[in-house]
Amino acid sequence: MTAAAPLLIAWAAGWFWVAALTAGRRAHGPSRWLLEIPLAFPVGAGGSSCLYFAFLAAGLNPFPAAVLADLIWLAAGAALWWKRDRQPAAPVEKPSGFRFAWIAWIALAICGAFLLGAIVQGAAALPHGDWDAWAIWNMRAKFLASGGHWSGAAAPELIGRSHPEYPLLWSSVIAKAWAWTGRPGDIAAPASANAASTISLVLLMFGGLWSLRGAATGAMAALVLLSTVTFWQYAMAQYADIPLSLFMLGALWCAVRAAGDDWDKPLLALSGLLASLAGWTKDEGLVFAAGLALAIVIAARKSALPWLLAAVPAALIVALFKALMAPPFKEWSFTHLADVGRVPSVLFSIGRELLNLGHFPTHPILMLGIAVALLGVRRPVRQIWTAIPLALLAAGYFGAFWMTTSGLQWRLSTAAGRIVLQMMPLLIFTVFLFLRTPSTTATAPDPRRKQR
Amino acid sequence: MSTQTTTVTGARAIAAVAIVSALAAGASIEYYGLFEKVAEQSGDAQQIGSLVERFAGIPRLTGNAPRIGYFNDRTPGSVAQQAALASAQFALAPQILVLDENRNDLEYWVGDFNAPRDFAGIGKVQGLELVADLGRGVVLYRRGAGK
């Protein structure tokens with residue numbers, strides 16, 4: 001069995017979960033599939049890898065743990081889908097159509113083909129990925145895929161070179177695929193998982209915004225993402241940053257969609273699950289999850305309960321890992337807040353990384369600016385809460401740099417680029433959410449529906 | 001609510017879609033060219049595959065000991081030392097490499113050298129017996145009478 005096959009099982013399991021939880025508010029036409037398929041990957045790979053890690057911690061060997069995790073996640077998703085898919089779906093507002101959306105579709109097809117080519121080229125040039133891929137995520141995955149050694153992924157001896165204190169979702173995804181095949185280290189697993197998350201992120205941007213704002217808006221947002229050169233670099237590098245962005249974007253989309261449907265409980269639950277999985281992917285995901293939780297509690301108040309409940313299982317895994325397994329590592333110190341001289345360095349570095357996102361005149365920030373100038377902002381501006389997670393994430397990153405206990409210049413040179421990239425999908429999504437929708441004709445919105 | 005507050009029609013909408021599409025297509029063509037050049041330069045640019053092969057004999061010779069000592073001949077504390085350690089750790093995981101010469105509880109030690117040297121002599125200085133020279137600078141030691 002190829003190491004890519006278990007990823008497909010997890011992906012299929014994820015589709016059942018997504019189809020079940022969006023059954024009442026299903027998108028229409030092709031956007032349904034462009035949404036459910038990419039959203040299924042983080043739900044399937046994330047959920048089953050959490051089970052896999054829990055089974056390892058309970059004492060199971062990697063192979064039975066992998067098989068059980070995938071089959072249980074698949075069976076539970078299928079059972080939920082069987083129950084919920086038969087319920088009548090509520091009518092979903094169709095976004096405005098735009099006769100010239102085909103221009104963006106053609107461009108998207110061209111860009112997508114080149115991205116696929118680059119991923120294949122990248123897998124040949126860096127079959128084990130770049131430094132962090134093999135030195136952190138895949139190296140720790142080898143512990144999780146080897147019988148009796150799983151706790152070594154957080155061994156204190158690894159401090160200083162492999163971050164044993166980092167969360168273990170992405171390593172678990174790779175390890176589970178290796179455990180199925182019995183070939184730890186097989187490059188097909190991380191390469192396939194990386195390609196799946198890269199493609200899913202682009203499709204989720206496209207399909208997610210299509211369902212909310214129409215096909216032209218979705219395609220434009222995906223095109224801006226594809227114009228981000230660091231997105232291409234990290235797709236080749238096989239780091240965990242693109243999977244993290246995928247979890248974060250999925251969580252935000254589900255929350256926005258739920259808000260537009262009177263805080264639809266299943267969609268809110270899906271959002272909470274994905275946000276907590278982001279927290280189990282990288283520490284930055286914890287900041288995002290906290291930001292989204294805050295935003296939803298502010299906006300939904302008592303209706304936020306399904307979000308919070310769905311976030312509990314993965315949050316519990318993170319908490320137990322941090323409390324019982326992860327070696328202590330002091331990454332920040334509040335005493336550095338007194339060093340105000342760090343602020344210009346951090347701002348300059350983030351500004352430089354924003355410039356490094358692309359090459360003029362095809363720079364993604366310039367393209368966002370063009371979109372804002374030509375499309376204009378929707379009036380009145382609604383659902384400001386959707387910007388809270390991004391704002392809190394940016395503030396958290398800024399604070400983390402300011403308070404870092406590592407050398408500031410070293411920390412900025414190694415991390416500023418990736419944190420800017422992590423935020424880009426959220427930034428693009430949020431900006432297009434607030435922009436007016438390209439439309440062939442001005443059509444009156446359905447007064448029965450809430451404005452998303 | 002006016003429909004113009006949520007939708008945009010006509011030339012502005014067409015221009016937005018066309019400009020973004022054209023720029024993105026241009027960016028993708030440029031980026032693909034850049035990455036194609038990188039890919040053409042070499043396969044497995046970081047040589048991780050060959051690094052894994054260098055250490056392939058260690059797990060069997062050490063009986064898959066969960067922790068083994070490690071030292072190399074790069075400057076202590078340097079980036080080169082850390083890079084060599086990280087790649088050896090990737091090759092040997094799930095065995096944990098310990099870069100601490102004061103650890104007396106470890107039976108096996110891996111030496112990772114850049115060039116041929118008097119491997120037995122280097123081990124003797126540290127109280128280690130040479131077990132096997134695996135070639136390409138990888139040497140396995142075992143703790144001797146005392147260190």
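Keep in mind the model is a prediction, meaning the values are calculated, not measured. In what follows, every chain begins at residue 1, and chains take the letters A, B, ... in the order their sequences are listed.
Taking the six-membered ring where the residue is Trp, B/Phe90 and A/His128 present perpendicular rings, their angle passing 60° and hence far from 30°.
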Exercise for the section: Please lay out, stage by stage, how A/Thr437 and B/Val8 fare under the test side chain to side chain contact (heavy atoms under 4.5 Å, CB included). Expected result: CA-CA 6 Å; A/Thr437 304; B/Val8 57; over 6 Å; no
Handout entry: Full working for side chain to side chain contact (heavy atoms under 4.5 Å, CB included) between B/Ile14 and A/Phe98
Key = CA-CA 9 Å; B/Ile14 297 169; A/Phe98 184 54; 3.9 Å; yes
Handout entry: Residue pair B/Val17, A/Phe100: steps toward the side chain to side chain contact (heavy atoms under 4.5 Å, CB included) verdict
Key = CA-CA 8 Å; B/Val17 171; A/Phe100 298 95; 5.6 Å; no
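A donor-acceptor pair under 3.5 Å is absent between the side-chain atoms of A/Arg436 and the main chain of B/Thr9, judged by distance alone. Checked by atom type and distance alone, the side chain of B/Thr5 pairs as donor or acceptor with a backbone atom of A/Arg379 at under 3.5 Å.
The candidate with the highest count of non-hydrogen atom pairs below 4.5 Å against chain B, out of A/Arg140, A/His359, A/Arg99, is A/His359. Of all the listed residues (B/Ser21, B/Ala16, B/Ala22, B/Ala11), the one sharing the greatest number of non-hydrogen pairs under 4.5 Å with chain A is B/Ser21. With chain B as the partner, the residue from A/Ala135, A/Pro438, A/Ala145 showing the most heavy-atom pairs under 4.5 Å is A/Pro438. No other option in A/Ser227, A/Ala107, A/Gly148, A/Ser162 has as many heavy-atom pairs under 4.5 Å with chain B as A/Ser227.
Taking every heavy atom of both residues into account, B/Phe35 and A/Val229 meet most closely at CZ-O, 4.3 Å. Nearest heavy-atom pair across A/Met367 and B/Leu23 is CG-CD1, 3.8 Å. Summarising the geometry of A/Ser439 relative to B/Thr7, their closest heavy-atom pair is CB-CB, 3.8 Å, with the distance given to 0.1 Å.
Of the two parts of A/Ala216, only the side chain, counted from C-beta on, holds a non-hydrogen atom closer than 4.5 Å to a non-hydrogen atom of chain B. With a 4.5 Å cut-off on non-hydrogen atoms, B/Leu97 touches chain A through its backbone and its side chain both. When heavy atoms are compared at a cutoff of 4.5 Å, A/Met236 approaches chain B solely by way of its side chain, counted from C-beta outward. Looking at A/Ala373, the atoms closer than 4.5 Å to chain B (heavy atoms on both sides) all sit in the backbone: N, CA, C or O. Both the backbone and the side chain of B/Ala83 have a heavy atom closer than 4.5 Å to some heavy atom of chain A. When heavy atoms are compared at a cutoff of 4.5 Å, A/Trp131 approaches chain B by way of both its backbone and its side chain.
Side-chain contact between B/Tyr31 and A/Leu226 is absent, with no heavy-atom pair separated by less than 4.5 Å.
Defined by atom type and a distance below 3.5 Å, a donor-acceptor pair is present between the side-chain atoms of A/Gln121 and B/Tyr32.
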